[in-house]
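Indexing begins at 1, ligand by ligand and atom by atom, following the structure's order.
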Amino acid sequence: MKVNELKHAGLKKWVEDNVALMTPDSVEICDGSKGEYDRMLKILVSAGLATPLKKRPNSYLFRSDPSDVARAESRTFISSKNKDDAGPTNNWRDPVELKQTMSGLYKGCMKGRTMYVIPFSMGPVGSDIAKIGVEITDSPYVVINMHIMTRVGKKVLDVLGKDGFFVPCLHSIAKPLNPGESDNGKWPCEPDVEKKYISHFPDTYEIWSYGSGYGGNALLGKKCLALRIASALARDEGWLAEHMLILKITNPKKEVKYLAGALPSACGKTNLAMLVPTLKGWKVETIGDDIAWMKFGKDGRLYAINPEAGFFGVAPGTSEQSNYNAMQSIKKNSIFTNCGLTEDGDIWWEQIGYGAPGKTIIDWKGNEKPAPKTDKAVKGEEIAHANARFTAPANQCPVIAKEWQDPKGVPISAFLFGGRRATTIPLVNQSKSWVHGVFMGSITGSEITAAALDLKEGSVRRDPFAMLPFCGYHMGDYFNHWLKLGKKAEDEGKGDKLPKIFFVNWFRKDKDGHFMWPGYGENSRVLAWMFDRCDNKDNFVETAIGKLPKTGAIEAPPGVSAEIMSELCSVDTEGWKNEISDVRDKHYAKFGDRLPKVLYDELDAIEKRLNS
Ligand code: O2Y
Ligand code: MN
């Protein structure tokens with residue numbers, strides 16, 4: 001298809017304007033076909049950027065530039081008209097000035113390259129909950145990743161029609177080529193981090209990205225559209241765009257429930273999404289591992305879709321033990337970025353579960369090193385980058401639920417929040433009400449372990465709703481959005497249809513620093529308790545901080561004593577008093593008068609109960 005054949009006048013003009021600005025050598029409208037995917041890979045292999053993997057059919061390894069290995073948070077901007085609307089947790093830039101600066105950078109930025117126009121759907125094509133985006137990019141690496149992570153092609157343009165809504169997503173790697181020049185094995189990007197921009201314009205629902213070819217900075221459907229821009233759309237349209245996995249749980253009686261869960265980075269969200277239960281008769285299946293979009297149905301229930309079509313998972317730490325189903329998902333048709341390359345043509349990373357075969361290995365920077373005999377990480381000598389990634393189609397996951405692409409979505413019975421907390425926070429806690437649940441989401445966070453960070457070791461880095469890097473507007477207003485949705489449901493007499501809200505903590509430690517709970521598949525015991533709670537089973541005790549498991553309601557996993565279970569499931573009154581002060585003085589205080597008053601009331605009520 002040619003640009004002048006585009007039926008949507010707004011899309012056609014947007015593409016033409018950017019062709020004039022960026023001056024690519026040619027333009028391609030992507031059709032999402034296998035032929036297109038294969039052609040992109042041929043281009044990438046011949047440019048020396050992709051290495052085919054002998055051990056994994058149709059799979060390739062990429063090595064990015066050391067400046068371009070993760071989301072660039074300091075270069076991620078929320079550019080709303082009013083600075084106050086971005087809030088204290090986002091980097092704000094004036095939209096007029098930012099667009100002027102970036103338009104200057106975009107001028108001629110695609111010289112010597114092809115401009116790819118990628119029409120994509122976040123969510124099953126045509127679903128009422130899905131949204132359409134169109135990404136303009138000069139990176140064939142982005143094209144193949146978007147093929148896996150989203151639904152690409154003509155079917156999307158058909159749904160868009162002549163005047164449908166789409167989110168325009170502009171992207172350039174910022175590396176024009178001179179005549180006859182090729183990338184020649186060097187990952188193209190702007191190596192100066194200060195010249196990278198990942199900009200969001202929530203008032204006009206636009207994304208402009210420049211200088212990075214990596215992950216969330218460049219695959220604009222994921223964090224940029226599906227979270228930052230979608231959170232603003234959800235605020236404006238009355239739905240939820242959340243950084244949440246979606247699970248299907250089946251109990252031994254074959255009853256099914258769906259759960260959505262938010263955990264900050266490095267808390268095992270993908271592992272939980274693909275968990276292999278140890279509890280007999282229970283089954284866990286995956287709907288999504290990272291993002292959930294949810295709308296209320298006419299029946300008052302909240303329906304969720306996974307807007308993505310693939311997994312963009314962290315490789316190091318992924319093994320058959322930590323995530324069997326992820327390891328099966330990446331056996332073929334997968335893209336690997338910044339992993340090690342073994343002598344026999346396979347990928348390798350730290351904590352993959354085995355040492356590297358052969359004598360030597362190529363690390364993520366392309367250097368030959370002795371092949372590690374164990375999979376332990378050696379600080380400073382890592383073979384894979386800590387943020388090395390796999391991109392794999394979701395339908396390759398052995399436990400993908402049959403309804404994962406249902407355009408109606410799945411009805412959510414429970415929300416789960418959690419973080420890495422060595423102390424204070426119990427194994428699981430159910431909120432007393434919707435408002436209390438929003439309070440729980442708002443105080444989500446993990447303890448700091450790396451002393452190098454700007455917080456005192458052991459203090460809590462709050463990541464409300466695990467949305468801190470992903471909320472496209474003021475977090476105080478975001479809390480209010482959650483409160484408003486709950487109040488509306490209650491005012492309409494549908495409060496009982498709202499998902500129940502839980503807070504989990506798999507990471508409690510004893511005084512010797514050992515984990516008290518084994519985690520992984522044993523977390524199914526906690527999921528089972530939550531499942532039963534959704535059916536109002538009498539398996540809880542009411543406490544000052546919420547509903548906790550009754551003694552014996554969660555059967556202890558092997559090796560966990562009754563005393564430990566009791567400690568995991570009881571209220572640490574002194575710890576909670578400190579928690580309340582920390583939230584009031586260091587966390588909520590940041591949000592000024594946009595912090596909803598009812599959350600302060602909730603804080604006061606818990607404190608009063610703890611003191612009584
Ligand atoms: O490193 C990146 O660019 C992506 S970060 C990411 C990728 C997949 C799922 N979640 C995340 C995250 O940071 O939450
Ligand atoms: Mn994520």
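In terms of heavy-atom proximity, F417 sits nearest to G437 at CE1-O, 3.9 Å.
Given atom 2 (C) of ligand 1, the protein heavy atom at minimum distance is R71 CG, 3.6 Å. Scanning the protein for heavy atoms near atom 3 (O) of ligand 1, the closest one is G216 N, 2.8 Å. Protein heavy atom at the shortest distance from atom 1 (O) of ligand 1 is N387 ND2, 2.8 Å. Nearest to atom 7 (C) of ligand 1 among the protein's heavy atoms is R389 NH1, 3.0 Å. For atom 9 (C) of ligand 1, the nearest non-hydrogen atom of the protein is D290 OD2, 3.2 Å. When only non-hydrogen protein atoms are considered, atom 10 (N) of ligand 1 lies nearest to K223 NZ, 3.0 Å.
Note on F470: not counted as a metal contact of the Mn ion (ligand 2), no N/O/S atom lying under 2.8 Å.
Within 6.0 Å of NZ on K369 lie more than 12 heavy atoms contributed by other residues, nucleotides or ligands.
Here K269 has no heavy atoms under 4.0 Å from ligand 1, in either its backbone or its side chain.
With hydrogens and angles left out, the side-chain atoms of N217 and S212 include a donor and acceptor closer than 3.5 Å. Side-chain N/O atoms of D236 and Y205 include a donor and acceptor closer than 3.5 Å.
Of the polar atoms of H243, at least one N or O is found under 3.5 Å from an N or O of ligand 1, judged by distance alone. In terms of N/O distances under 3.5 Å, ligand 1 is not approached by G215. For K222, no nitrogen or oxygen atom sits less than 3.5 Å from a nitrogen or oxygen atom of ligand 1, counting backbone and side chain alike.
Both tests do not hold together for K222 against F312: distance to the six-membered ring centre under 6.0 Å, angle to the ring axis within 45°. A cation-pi geometry, defined here as NZ or CZ lying under 6.0 Å from the six-membered ring centre and within 45° of its normal, holds between K509 and F515.
Taking the six-membered ring for Trp and thresholds of 30 and 60 degrees, F470 and H243 have ring planes more than 60 degrees apart, a perpendicular arrangement.
A salt bridge does not link K175 with D183: none of the charged nitrogens is closer than 4.0 Å to a carboxylate oxygen.
The closest approach between F470 and ligand 1 falls below 4.0 Å for a heavy atom of the residue.
Between W208 and Y197, the distance from one ring center to the other does not fall under 6.0 angstrom.
Proximity to Y214 (heavy-atom distance under 4.0 Å) selects the following atoms of ligand 1: 1 (O), 3 (O).
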